[in-house]
Amino acid sequence: MSVRVRYAPSPTGLQHIGGVRTALFNYFFARAAGGSFILRIEDTDRERYSDESLDDLYRTLDWLGLSWDEGPQVGGEYGPYVQSQRFELYREHAHRLVEAGRAYPCYCSSERLEEVRRKQKEEKSSIFGYDRHCRDLTPEQRAEYEDQGIKPVIRFKVPMEGETSFEDVLLDKVKRKNRDISPDPVILKSDGFPTYHLANVVDDHLMKISHILRAQEWISSGPLHVLLYEAFGWDPPVYCHLPMVMGKDGQKLSKRHGSTSVRDFRLQGYLPEAIINYVSLLGWSYDDSREFFRKEELEKVFSLEKLNKAPAVFDYKKLDWFNGNYIRELDDDVLQKQIRPYLIEAGFLSDPPTPEQEELISEIIPLIKERLSRLAEVPELVRFLFQDPAEYDAQLLVPKKTDPAKTMEMLRAVRGLIQNFSENSDEELEDEFRNLAEQLEVKLGQLLMPLRVSITGSKVSPPLFGAMRILGEQEVTKRIDRGIGYLERLAETNK
RNA sequence: GUCUCCUUCGUCUAGUGGUUAGGACACCGGGUUUUCAUCCCGGCAACAGGGGUUCGACUCCCCUAGGAGAUGCCA
């Protein structure tokens with residue numbers, strides 16, 4: 001049996017990291033098995049549907065480098081792959097079940113349904129859900145409702161006796177008494193669109209899907225789906241319910257935990273390599289040591305056997321760590337291209353950048369490459385190169401274990417040392433500063449700190465000599481002079 | 001409430017009856033270094049609890065507890 005799996009998102013919001021994990025696992029499973037990966041758009045909820053969501057879906061898959069063998073845009077033997085274009089199909093299938101006595105029209109208003117639920121809650125009833133009010137309506141009663149012009153929904157008749165089970169690759173057998181299954185769920189809405197339950201069963205069967213890899217939040221509708229397959233006289237596919245992705249508090253991952261949409265991650269400067277690598281390790285592992293995987297490797301090495309059952313907590317810090325690693329592996333010119341938009345957005349570069357500006361970024365790259373965990377951090381790291389940090393706490397200039405007077409002496413000496421510094425290499429500069437430090441009887445770090453603060457306005461910065469070279473002697477001198485000025489004032493007030 | 005699933009360091013995990021319970025992130029210490037970062041070295045830290053089964057249980061079974069998910073004309 002050839003492997004055919006699908007990712008079937010509904011375009012009702014931005015692509016979520018949990019959804020992407022499901023997409024990835026389906027994709028890798030298909031590739032590793034030499035099977036087909038199918039994309040299907042489940043746009044049956046016309047209330048929540050949005051074009052923007054659909055665009056985001058395509059953009060996300062494109063960004064991650066996931067391609068599908070069948071689906072929208074590429075077509076395939078079992079299309080169309082957009083459920084709204086299969087409208088008639090679901091209606092036919094729903095009515096087939098009605099004719100077979102396995103489903104029935106229901107005329108209950110949503111108000112009544114709400115009231116039923118409210119009462120159940122109030123009475124702490126052991127039965128929850130639809131009360132099967134319309135299950136056994138007589139033809140006369142139906143005709144009456146029809147005459148009132150009520151558009152019915154179609155509900156599936158869930159057996160009241162017996163039990164239904166399915167085999168899960170991960171969980172083994174999952175059993176459920178039929179009376180515990182959602183009582184007669186809607187399969188066709190009053191607008192004629194199918195609900196998820198009907199649509200996914202019909203489509204998975206018609207599209208010859210062999211395995212269903214989906215999140216564990218779907219476990220409880222598994223038996224219902226099996227019942228639907230039975231009612232149609234079809235064999236269900238193989239199920240595999242993937243562990244869920246949680247937030248730090250153990251609840252389903254959501255916005256309040258931080259970013260959850262792939263778009264957010266992209267905007268913050270996470271690389272697709274890092275997202276793919278990290279997310280693949282949520283609920284799956286290869287062995288006891290290896291943890292770096294590129295997409296191409298996962299396409300070979302992924303297997304259902306290494307899946308974990310327990311839910312995984314999404315760890316933003318570990319993602320950062322992965323991302324930093326992948327950023328450092330980028331070629332300089334690629335990284336340059338990647339950080340460009342962030343610098344433009346910060347207003348540091350024109351759009352598009354001038355050749356001079358491009359030259360400038362290329363000089364910046366080596367200074368910041370190993371200091372990044374997200375690309376969006378770039379502007380803050382290099383702000384001092386584009387904006388003169390005039391305002392900073394003068395106290396920062398004074399290194400530990402010394403005083404303003406001594407610091408002033410150091411900075412003045414440094415000022416004398418930097419004439420034509422650009423002609424010297426970092427090594428030569430360092431030697432000179434080292435000698436000076438020795439003369440002044442301070443450590444190199446102490447000598448450099450006032451210079452660093454004068455130039456960057458901060459005690460933390462990229463390597464100084466490189467930064468100074470970018471700023472040029474004139475600018476550097478100007479900032480040193482201001483530093484000296486600050487120190488003079490500081491020394492005054494300290495007297 | 002009911003049903004279903006889950007349970008190894010704070011987090012991601014390795015482990016399939018006999019291990020000093022391994023790795024990674026985070027954290028803490030140390031080293032390299034012009035600060036930071038990178039890099040290197042070291043440390044802290046786990047089998048939810050209770051019963052069985054067994055010569056022997058993290059591994060198998062049962063119970064309890066805890067967590068999560070579902071319970072929609074959303075997927």
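So that the names make sense, note that chain A is the first sequence line, chain B the second, and so on, each numbered from 1.
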>> Both A/D249 and A/I127 contact RNA chain B. Which one's nearest nucleotide lies toward the 5' end?
In response: A/I127

> What nucleotide, of B/rU2, B/rU35, B/rA37, holds the atom closest to the side chain of A/P463?
Replying inline: B/rU35

> Do A/H225 and A/F156 make the cut of ring centroids closer than 6.0 angstrom?
Replying inline: no

> In whole angstroms, how far is the C1' atom of B/rU34 from the CG atom of A/L447?
Replying inline: 9 Å

>> By the 4.0 Å heavy-atom rule, please label A/P462 as base, sugar-phosphate, or nothing.
In response: base

> Could you state the CG-C1' distance from A/L396 to B/rC36, rounded to the nearest angstrom?
Replying inline: 14 Å

>> Rounding to an integer number of angstrom, what distance separates B/rG31 and B/rA37 when you compare their C1' atoms?
In response: 16 Å

>> Tell me the interatomic distance from A/R176, atom CZ, to B/rG69, atom P, rounded to whole angstroms.
In response: 16 Å

> So what's B/rU4 paired with, Watson-Crick or G-U wobble, going by both distances under 3.5 Å?
Replying inline: B/rA68

>> Using the C1' atom as the point on both nucleotides, what is the distance between B/rC6 and B/rC47, in whole Å?
In response: 15 Å

>> Taking the C1' atom in each of B/rG67 and B/rG49, what is the distance between them to the nearest angstrom?
In response: 15 Å

>> Expressed as a whole number of angstroms, how long is the span from A/K459:NZ to B/rA37:P?
In response: 14 Å

> Under 4.0 angstrom, heavy atoms only, what part of the nucleic acid is A/K175 near: base, sugar-phosphate, or nothing?
Replying inline: sugar-phosphate

>> Any strand counts, and the cut-off is 3.5 Å on both contacts for Watson-Crick or G-U wobble. Which nucleotide pairs with B/rC74?
In response: none

> Which of these, A/E438, A/E432, A/E430, sits in a salt bridge (charged side-chain N to carboxylate O under 4.0 Å, His left out) with A/R434?
Replying inline: A/E430

> Is a side-chain N or O of A/R479 found less than 3.5 angstrom from the main chain of A/I455, in a donor-acceptor match?
Replying inline: yes

> Is any side-chain N of the basic residue among A/R263 and A/D55 closer than 4.0 Å to the acidic one's carboxylate O?
Replying inline: no

Using nucleotides 73-75 of chain B, report all nitrogen or oxygen pairs with the protein that are shorter than 3.5 Å.
| from | atom 1 | to | atom 2 | distance (Å) |
| --- | --- | --- | --- | --- |
| B/rC73 | O2 | A/S190 | N | 2.8 |
| B/rC73 | O2 | A/S190 | OG | 2.8 |
| B/rC73 | N3 | A/S190 | OG | 3.0 |
| B/rC73 | N4 | A/C108 | O | 3.4 |
| B/rC74 | OP2 | A/K189 | NZ | 2.8 |
| B/rC74 | O2' | A/D45 | OD2 | 2.9 |
| B/rC74 | O2' | A/R48 | NH2 | 2.6 |
| B/rC74 | O2 | A/R48 | NH2 | 3.2 |
| B/rA75 | OP1 | A/T44 | OG1 | 3.0 |
| B/rA75 | OP1 | A/K189 | NZ | 2.6 |
| B/rA75 | OP2 | A/Y196 | N | 3.1 |
| B/rA75 | O3' | A/E42 | OE1 | 2.8 |
| B/rA75 | O2' | A/S10 | OG | 3.4 |

> Does B/rC39 have a Watson-Crick or wobble mate here (both distances under 3.5 Å), and if so which one?
Replying inline: B/rG31

> Rounded to whole angstrom units, what separation is found between the CG atom of A/L367 and the P atom of B/rU33?
Replying inline: 19 Å

Short heteroatom pairs, N/O only, protein and nucleotides 7-13 of chain B, under 3.5 Å:
| from | atom 1 | to | atom 2 | distance (Å) |
| --- | --- | --- | --- | --- |
| B/rC12 | OP1 | A/V313 | N | 2.9 |
| B/rC12 | O2' | A/L281 | O | 2.9 |
| B/rU13 | OP1 | A/G283 | N | 2.4 |
| B/rU13 | O3' | A/S285 | OG | 3.3 |

> If we call it a pair only when both distances are under 3.5 Å in a Watson-Crick or G-U wobble match, what pairs with B/rA21?
Replying inline: none

>> Under 4.0 Å, heavy atoms only, any strand: does A/F193 hit a base, just the sugar-phosphate, or nothing?
In response: nothing

> Looking only at N and O atoms, is any donor in the side chain of A/R452 or the base of B/rU34 less than 3.5 Å from an acceptor on the other one?
Replying inline: yes

>> So that I can tick it off, tell me whether A/R40 and A/D204 are bridged by a salt bridge, with the cut-off set at under 4.0 angstrom between side-chain N and carboxylate O.
In response: yes

>> Using atom C1' in both nucleotides, what's the gap between B/rC28 and B/rA45 to the nearest angstrom?
In response: 12 Å

>> I'd like the C1' distance from B/rU7 over to B/rG50, given in whole Å.
In response: 15 Å

> Considering the options A/R117, A/Q120, A/R112, which one meets the side chain to side chain donor-acceptor pair (under 3.5 Å) requirement together with A/D131?
Replying inline: A/R112

> Using a distance-only test with no angle check, is there a side-chain donor-acceptor pair under 3.5 angstrom linking A/Q446 and A/T402?
Replying inline: no

> When rounded to the nearest Å, what value does the distance between C1' atoms of B/rA46 and B/rG22 take?
Replying inline: 12 Å

>> Could you go through A/W321 and A/Y326, starting from their C-alpha distance and side-chain angles, then the distance that decides it, and tell me whether this counts as ring-ring contact (aromatic ring centres under 6.0 Å, His included)?
In response: CA-CA 9 Å; A/W321 176 76; A/Y326 280 107; 9.3 Å; no

> When you compare B/rC44 with B/rG29, how far apart are their P atoms, in angstrom units rounded to a whole number?
Replying inline: 15 Å

>> In this structure, how many angstroms lie between the P atom of B/rA24 and the OH atom of A/Y286, rounded?
In response: 18 Å

> Taking CD from A/E114 and P from B/rU71, how many angstroms apart are they, rounded to a whole number?
Replying inline: 15 Å

> Roughly, in whole Å, what's the span from CZ in A/F128 to C1' in B/rU4?
Replying inline: 16 Å

> When you compare B/rU38 with B/rC60, how far apart are their C1' atoms, in angstrom units rounded to a whole number?
Replying inline: 47 Å

> Taking for each residue the nucleotide of RNA chain B with the nearest heavy atom, is it A/E430 or A/I219 whose nucleotide lies nearer the 5' end?
Replying inline: A/I219

> Does B/rC9 pair with anything, Watson-Crick or G-U wobble, both distances under 3.5 Å, and if so, with which nucleotide?
Replying inline: none

> Any side-chain donor-acceptor pair under 3.5 Å between A/Y49 and A/D51?
Replying inline: yes

>> Salt bridge or not between A/K306 and A/D287? Use side-chain N to carboxylate O under 4.0 Å.
In response: no

>> Under a 3.5 Å threshold, yes or no: a donor from one side chain and an acceptor from the other, between A/N323 and A/S373?
In response: no

>> Can you see whether A/S461 engages A/S458 through a side-chain donor-acceptor pair at a distance of less than 3.5 angstrom?
In response: no

